Structure formats: structure tokens, C-alpha cells
Amino acid sequence: AQSVTQLDSQVPVFEEAPVELRCNYSSSVSVYLFWYVQYPNQGLQLLLKYLSGSTLVKGINGFEAEFNKSQTSFHLRKPSVHISDTAEYFCAVSEGDYKLSFGAGTTVTVRA
Amino acid sequence: SQTIHQWPATLVQPVGSPLSLECTVEGTSNPNLYWYRQAAGRGLQLLFYSVGIGQISSEVPQNLSASRPQDRQFILSSKKLLLSDSGFYLCAWSGGVGSQPQHFGDGTRLSIL
């Protein structure tokens, strides 16, 4: 069974600074990878997904993520954050069946 | 385009009372449907999923049940709520499995008194 570890529970960052959110997964088979964002009291919104092909994936709101198979990682980055990026971010992995396994989440707080 | 509706947005219920949360999807047919619970400061726990009308799979033993009376309707229920049932409940749909991402509703905040 797959599992997901988000290495940072909280990431404070200043406005216009870059941010990286780390995600590692474990699985014995090929996987599909996702990043979601959750604003307070809302559902999860898909930021980006890796299915196959290029290991650098671009998503919405200026986010991108890089899949590294040898390190079983899928880190999320944004070169310059805004106050509106304050939210919780979830990494998720699927082994190809119905189940999507989520990490515990990383809370990003952007300060002016 | 596809949309997912979840209601109510917030709910306060006494211990021992029944529960019914509803989720509907528009703009797609035969979706996979999911119920998750999110406890404060924690990730998402899959409670139930359904691949078709009347087909429900439970992920964890609990005080809750789910039903799918129509193709795009998913209901989460309880006969008697416990304090531990408090949390944020999220419904999601997907067009398939594996490579198909799940799309979430806005959630229901359930508080048990």
C-alpha cells in the first residue's frame, strides 16, 4: 500500500519569497501524484498532477512540482508567493485504483 | 462543466441524534463518489467510496453509513451520533480511478454537542 509523508507541517514565508513544500511517498508500483490546496473552511482544489512524461509539472496559480522517481519525491514550488497563497497544501498518491492516499498537510502562512 | 454540491455547510447536532449529509454531482455520469473526514490539523481519512448505484465500500468500521440512491447522489448517515463524529466531512467525485483526480465539494463542518 502507498503512503505519503509531507516533511513540513508548517511553512512561514514572506510575500514575494519562494516556497518549497516537500513530499515523499512510498509504493512498490508506479504511481500517480497530485497536489491539492485547501483554503479555510473550503474543500480541496487540485493544483497539479503528475501522470507520466515530463517530470516537471506546471499547475494553477504559478505552482509547479517535480517528480523524482529515484528519490520517490514530488516537491511543490512557487518562485514568488502572495498573501493569497496562505492555505493548507496536501500531497496525494494513487497506485491506480480507487484509493487516493493523502499526506498530513503543510500549512503555508505568507506574511507581508 | 462538472460541479459538486454538498450541504449543509455547517451543522450542530446533539449526541445521539441522527445525521444525513447529502452530496450531488452535476455534469457527469457514473462518477466514482467518495466521503472523507478531516479532523482538525490532520489529513483526510477515506470513509466510503462508491463506483455505482447501490455499491458502497467502507474503509473503516465506524458509526456512519453511506448510500447511493441515484447515480449522482451520495448520502452519509448515522442513526446515533457520537462526540467522536465531529469533524469536517468532504464529498468528492472522480471520472475513474488512478490517473483521474478527485474533485471535492466545499465540505460540511459537523459539531456534536
Side-chain angles (χ1 to χ4, degrees), chain A residues 1-10 21 23-25 27 29-53 57 59-60 63 65 67 74 87-109, chain B residues 1-11 21 23 25 30-52 55-60 66 74 87-111:
Chain A
Q2 69 270 37
S3 67
V4 182
T5 302
Q6 290 184 241
L7 299 165
D8 307 291
S9 59
Q10 305 218 6
L21 308 184
C23 173
N24 285 93
Y25 68 93
S27 174
V29 301
S30 296
V31 296
Y32 304 106
L33 296 156
F34 308 86
W35 274 101
Y36 287 84
V37 60
Q38 184 180 31
Y39 300 104
N41 294 312
Q42 294 186 24
L44 278 68
Q45 179 182 4
L46 181 68
L47 277 177
L48 48 78
K49 59 186 177 183
Y50 172 78
L51 305 181
S52 64
V57 180
I60 63 171
F63 284 93
F67 170 58
F74 189 52
E88 190 159 19
Y89 293 79
F90 291 94
C91 181
V93 61
S94 168
E95 289 186 336
D97 59 3
Y98 68 90
K99 189 168 185 176
L100 194 58
S101 293
F102 288 86
T106 297
T107 299
V108 173
T109 303
Chain B
S1 64
Q2 303 90 354
T3 56
I4 179 168
H5 302 281
Q6 225 185 301
W7 67 92
T10 59
L11 189 60
L21 302 181
C23 170
V25 180
N30 197 31
N32 290 341
L33 297 171
Y34 309 84
W35 278 111
Y36 289 88
R37 177 167 56 205
Q38 185 178 25
R42 301 176 67 177
L44 278 73
Q45 179 187 33
L46 179 64
L47 303 175
F48 301 95
Y49 73 95
S50 171
V51 298
Q55 301 179 60
I56 308 295
S57 296
S58 174
E59 282 295 295
V60 293
F74 206 24
F88 192 50
Y89 288 84
L90 290 159
C91 181
W93 74 272
S94 69
V97 296
S99 64
Q100 297 292 322
Q102 294 181 17
H103 305 278
F104 288 80
D106 285 335
T108 294
R109 177 77 57 192
L110 176 63
S111 299

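As the structure is a prediction and not an experimental result, all values here were calculated from the model. Numbers restart at 1 for each chain; the letters A, B, ... are given by sequence-line order, proteins then strands.
Between the NZ atom of A/Lys99 and the OH atom of B/Tyr49 there is a distance of 9.5 Å, given to the nearest 0.5 Å. Here the straight-line distance linking atom CZ of A/Phe102 with atom CD of B/Gln45 works out to 12.5 Å at 0.5 Å rounding. Note that OG of B/Ser99 is 7.0 Å distant from CZ of A/Phe34, once rounded to the nearest 0.5 Å.
With respect to chain A, the highest number of heavy-atom pairs below 4.5 Å among B/Pro101, B/Gly107, B/Gly105 belongs to B/Pro101. Chain B forms more heavy-atom pairs under 4.5 Å with one residue of A/Val4, A/Leu46, A/Leu100 than with any other, namely A/Leu100.
With a threshold of 4.5 angstrom between heavy atoms, B/Gln6 does not approach chain A through any atom at all. Residue contact with chain A, scored on non-hydrogen atoms closer than 4.5 Å, is absent for B/Asn32. Interface remark: A/Leu44 contributes backbone and side-chain atoms alike to the contact with chain B (heavy atom separation under 4.5 Å). Contacts between A/Leu51 and chain B at a heavy-atom distance below 4.5 Å involve the side chain alone, from C-beta outward.
Nearest heavy atoms, B/Tyr34 versus A/Tyr98: CE2-O, 3.5 Å. Heavy atoms only, all atoms of each residue included: A/Gly43 and B/Leu90 are closest at CA-CD2, 3.7 Å.
Residues B/Gln102 and A/Tyr36 form a side-chain contact, since some pair of their non-hydrogen atoms from C-beta on lies under 4.5 Å apart. Between A/Gln38 and B/Phe88, the closest side-chain pair of non-hydrogen atoms falls below 4.5 Å.
Environment of OH in A/Tyr32: sparse, with no more than 12 heavy atoms of neighbouring residues, nucleotides or ligands closer than 6.0 Å.
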